[in-house]
Amino acid sequence: MSGAAKAGEQWVALCGGVGGAKLALGLSRVLPAERLTIIVNTGDDFRHLGMHVSPDIDTVLYTLAGLSNTELGWGLAGETWRFMEGVERLGGPAWFRLGDQDLATHAIRTAMLTEGRSLSEVTAYLAGRLGVGPTVVPMSDDAIATEVDTDEGTLAFQTYFVGRRAAPVVKAIRFVGASKAEPARAAVEVLAADDLAGIIICPSNPWLSIDPLLAIPGWRALLAERRAPCIAVTPLVGGQAIKGPTAKIMAELGLPLDVAAIVDHYARLIDGFVLDAVDNDRAGALKLPNLVTNTMMRTLEDRTALAEACLGFCRRLRERGPEAAR
Ligand code: FO1
């Protein structure tokens with residue numbers, strides 16, 4: 001990656017898959033491309049049929065490129081499945097489906113990694129080819145694999161999430177390789193920028209999509225030394241997850257299905273919390289500055305409105321201190 005510092009106010013979004021990518025898209029519509037860095041979970045990455053698959057990076061890239069398959073929530077729009085027909089004919093694994101066009105992404109990523117390029121370099125290359133303006137960076141260039149301890153034993157993340165449709169009861173979640181991993185260099189650079197304006201934790205699953213990043217000691221240190229406010233957007237609305245198994249996992253880990261549990265989870269890491277208008281009655285009990293707004297991102301307008309609200313909240317936290325942010 002280039003070591004050149006970027007000019008102007010810098011914003012950072014931390015995100016996982018679908019929910020995070022929606023807000024990342026909103027941010028990309030309200031910020032100039034050179035002012036936004038999106039840092040993406042790679043704990044879901046795995047090798048499949050000999051290829052390196054990076055589901056969350058691809059969800060972010062495809063979403064920002066306007067190419068995402070909104071019906072499936074992953075992969076490319078207008079996809080065809082001839083490759084999968086071939087895999088099935090040959091008795092290969094059909095539980096994880098790679099579309100014909102999507103396959104090109106995995107093949108090119110794998111080839112570049114095999115040639116010795118870093119995941120950051122590959123991601124920057126793919127973003128450039130797809131016309132994605134903001135900087136998209138993996139949380140680390142080192143291998144980190146999420147594993148889920150369940151009532152069916154320890155499962156690799158995609159086996160749990162896709163293979164078993166998140167049905168097994170979660171007992172614990174581990175991030176293999178995280179303790180020795182380092183944050184990607186572009187992430188370190190933007191976090192150290194003099195004009196860092198804010199860090200936004202997107203409404204991704206805290207346990208599956210954000211914790212892999214927080215399990216990297218260097219990331220904890222970077223965030224502890226942050227020069228700008230860090231806020232989180234709730235993944236929980238009215239005690240339910242907008243998408244995916246967040247609420248199910250919280251229940252299985254013995255946590256109350258309440259935004260306060262999300263705030264507790266991010267304790268000492270965040271300076272402010274964005275919760276949905278549906279949970280307005282919970283705002284007073286939260287022991288930190290908060291913003292109550294619509295967090296349901298059904299339309300592009302919802303995404304840009306939430307993005308604007310997050311930027312404004314961070315600016316108020318920065319300029320006038322936490323008390324003025326309310
Ligand atoms: N999710 C599924 O539920 N079934 C699939 O067959 C599947 C294939 C797939 C292929 C490429 C890719 O980038 C993502 C894919 N996903 C699939 C989604 C993905 O595994 C998960 O949604 C994320 O890891 C969670 O953020």
Side-chain angles (χ1 to χ4, degrees), residues 12-21 23-24 37-48 52-61 74 109 113 118-120 122-123 136-150 154-163 166 168 170-188 190-191 199-224 226 230 232-233 235 241 243-246 248-250 252-253 255 262 264-270:
V12 171
L14 310 182
C15 87
V18 190
L23 182 55
T37 301
I38 302 160
I39 302 189
V40 188
N41 170 43
T42 55
D44 298 12
D45 289 23
F46 77 132
R47 282 193 87 80
H48 188 63
H52 183 113
V53 182
S54 291
D56 287 357
I57 288 178
D58 291 346
T59 297
V60 170
L61 291 178
W74 49 270
R109 173 182 290 118
L113 290 171
S118 69
L119 188 58
S120 289
V122 177
T123 305
V136 180
V137 185
M139 63 185 192
S140 176
D141 282 320
D142 301 319
I144 293 153
T146 300
E147 281 186 0
V148 188
D149 289 340
T150 75
T154 298
L155 303 176
F157 177 78
Q158 295 296 346
T159 306
Y160 159 77
F161 197 85
V162 175
V170 174
K171 296 180 172 170
I173 303 167
R174 285 180 281 119
F175 310 106
V176 179
S179 65
K180 294 201 171 71
E182 290 184 10
R185 206 170 89 203
V188 176
V190 71
L191 267 278
I199 305 162
I200 298 161
I201 302 180
C202 292
S204 300
N205 185 316
W207 288 270
L208 293 179
S209 298
I210 304 296
D211 275 4
L213 179 149
L214 300 178
I216 302 170
W219 259 111
R220 277 272 174 199
L222 280 178
L223 291 167
R226 64 189 177 272
C230 177
V233 179
K243 193 170 189 306
T246 306
K248 177 176 178 286
I249 290 173
M250 288 178 76
E252 290 165 358
L253 294 177
L255 296 164
I262 308 285
D264 282 350
H265 187 72
Y266 288 137
R268 289 181 295 282
L269 182 69
I270 56 171

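- Of the listed residues (Leu14, Val136, Val137, Asp58), just one forms a side chain to side chain contact (heavy atoms under 4.5 Å, CB included) with Val40, and that residue is Val136.
- Here CG of Asp45 is found 7.5 Å from CG of Asp56. Values are rounded to the nearest 0.5 Å.
- Side-chain atoms of Arg226 come within 3.5 Å of backbone N or O of Leu269 as a donor-acceptor pair.
- Listed here is the closest heavy atom pair of Ser118 and Leu113: C-CD2, 3.9 Å.
- Using modelled atom types, one side-chain atom of Ser204 and one backbone atom of Gly16 make a donor-acceptor pair closer than 3.5 Å.
- Put simply, the side chain of Trp207 never gets that close to the backbone of Ile173: no donor and acceptor are under 3.5 Å apart.
- With hydrogens and angles ignored, the 3.5 Å screen pairs a side-chain donor or acceptor of Thr146 with a backbone N or O of Gly43.
- Looking only at distances, a side-chain donor or acceptor of Ser140 sits under 3.5 Å from a matching main-chain atom of Glu182.
- For the pair His265 and Leu255, the minimum side-chain heavy-atom distance is 4.5 Å or more.
- For the side chain to side chain contact (heavy atoms under 4.5 Å, CB included) with Leu213, the qualifying choice from Leu223, Leu222, Ile201, Asn41 is Leu223, the only one to do so.
- Checked against side-chain hydrogen bond (donor to acceptor under 3.5 Å, both in side chains), Asp149 has the following partners two or more places apart in sequence or in another chain: Thr154, Arg174.
- Judged purely by atom type and a 3.5 angstrom limit, Gln158 uses its side chain to pair as donor or acceptor with the backbone of Asp44.
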